[in-house]
Amino acid sequence: MPQSEEAAAWFHAVYTAVQEIPHGRVTSYGHIARLVGRPERPRQVGVCLKHLPDASKQPNNPFNNNTVPWQRVINSRGSISPRGPNGASRQASALRREGVTIETGTMGELTVDFEMYGWFPEMLPSEAAEVEDDSDED
DNA sequence: GCCGTGACGGTAA
DNA sequence: GTTACCGCCACGG
């Protein structure tokens with residue numbers, strides 16, 4: 001639980017932004033940071049997801065790991081950070097279940113094919129739509 | 001209450 | 001093209 005109201009608003013904004021990610025799509029922490037108006041704090045976005053309450057423990061909480069698609073948030077490199085022994089694989093399987101292609105690198109790194117299935121990293125949804133509209137250049 | 005850490009990103013070299 | 005360093009701020013020890 002956040003210490004100040006400002007932090008609570010920050011958490012709330014981040015969770016809401018993550019919930020706006022469409023099914024089968026992925027985005028980056030920096031993208032979420034931009035959406036909530038704090039592009040200089042992508043790291044705190046990860047902190048919010050880290051403190052995301054467990055659904056079985058807080059089912060009444062509107063923001064828990066069951067209502068917030070935390071697995072759709074990856075880093076700007078398009079890969080999943082190995083934060084834990086099986087945390088990354090759990091995120092990868094959740095994404096694959098949504099139809100997202102994930103490639104396993106030689107060093108066990110999980111790279112998401114965001115160019116094909118998700119938003120462009122560090123790009124707002126409006127800008128992404130603009131790209132699709134003007135995709136004549138190659 | 002201070003210090004180090006962290007699910008990251010950007011810029012510099 | 002890659003590697004290194006800094007900053008941001010809540011949380012845990």
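The figures here come from the full heavy-atom set of this structure, side chains too, leaving out hydrogens, waters and symmetry mates. Bear in mind that the values here come from a model prediction, so they are computed numbers and not experimental data.
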Minimum side-chain heavy-atom gap A:Y29-A:V14 below 4.5 Å: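 No; the side chains remain at least 4.5 Å from each other.
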4.5 Å side-chain heavy-atom contact, A:T16 and A:V68: no
Between [N] atom [atom2] and [X] atom [atom1], what is the distance in whole Å?
| X | N | atom1 | atom2 | result |
| --- | --- | --- | --- | --- |
| A:L35 | B:dC8 | CG | C1' | 15 Å |
| A:H12 | C:dA10 | NE2 | P | 18 Å |
| A:R34 | B:dG10 | CZ | C1' | 11 Å |
| A:Y29 | B:dG6 | OH | C1' | 11 Å |
| A:W10 | C:dC11 | CH2 | P | 12 Å |
| A:R77 | B:dA7 | CZ | C1' | 12 Å |
| A:L49 | C:dA10 | CG | P | 16 Å |
| A:D54 | B:dA7 | CG | C1' | 16 Å |

Side chain of A:H51 - closest among B:dA7, B:dG9, C:dG12: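 Between B:dA7, B:dG9, C:dG12, the one nearest the side chain of A:H51 would be C:dG12.
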Atom pair CG (A:L52) and CG (A:N65), whose distance is rounded to the nearest 0.5 Å: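 Reported to 0.5 Å precision, the distance equals 5.5 Å.
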Same-atom distance (P) from C:dC5 to B:dT5, integer angstrom: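 15 Å, rounded to whole Å.
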Is [X] reaching over with its side chain to a backbone N or O of [Y], donor-acceptor style, under 3.5 angstrom?
| X | Y | answer |
| --- | --- | --- |
| A:N64 | A:N61 | yes |
| A:Y15 | A:C48 | yes |
| A:T67 | A:P62 | yes |
| A:R72 | A:I21 | yes |
| A:Q91 | A:Q71 | yes |

Of residues 58-65 of chain A, the positions that come close to DNA chain B - non-hydrogen atoms, cut-off under 4.0 Å: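 Here the set is empty: none.
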Please list, pair by pair, any protein nitrogen or oxygen found under 3.5 Å from a nitrogen or oxygen in nucleotides 7-9 of chain C.
unit_1: C:dG7; atom_1: O6; unit_2: A:R43; atom_2: NH1; d: 2.9
unit_1: C:dC9; atom_1: O2; unit_2: A:Q44; atom_2: OE1; d: 2.9
unit_1: C:dC9; atom_1: O2; unit_2: A:Q44; atom_2: NE2; d: 3.3

Below 4.0 Å: OP1/OP2 of B:dC8 and any side-chain N or O of A:S76: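 Checking B:dC8 against A:S76, no side-chain N or O comes under 4.0 Å of OP1 or OP2.
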CZ (A:R96) with more than 12 external heavy atoms under 6.0 Å: yes
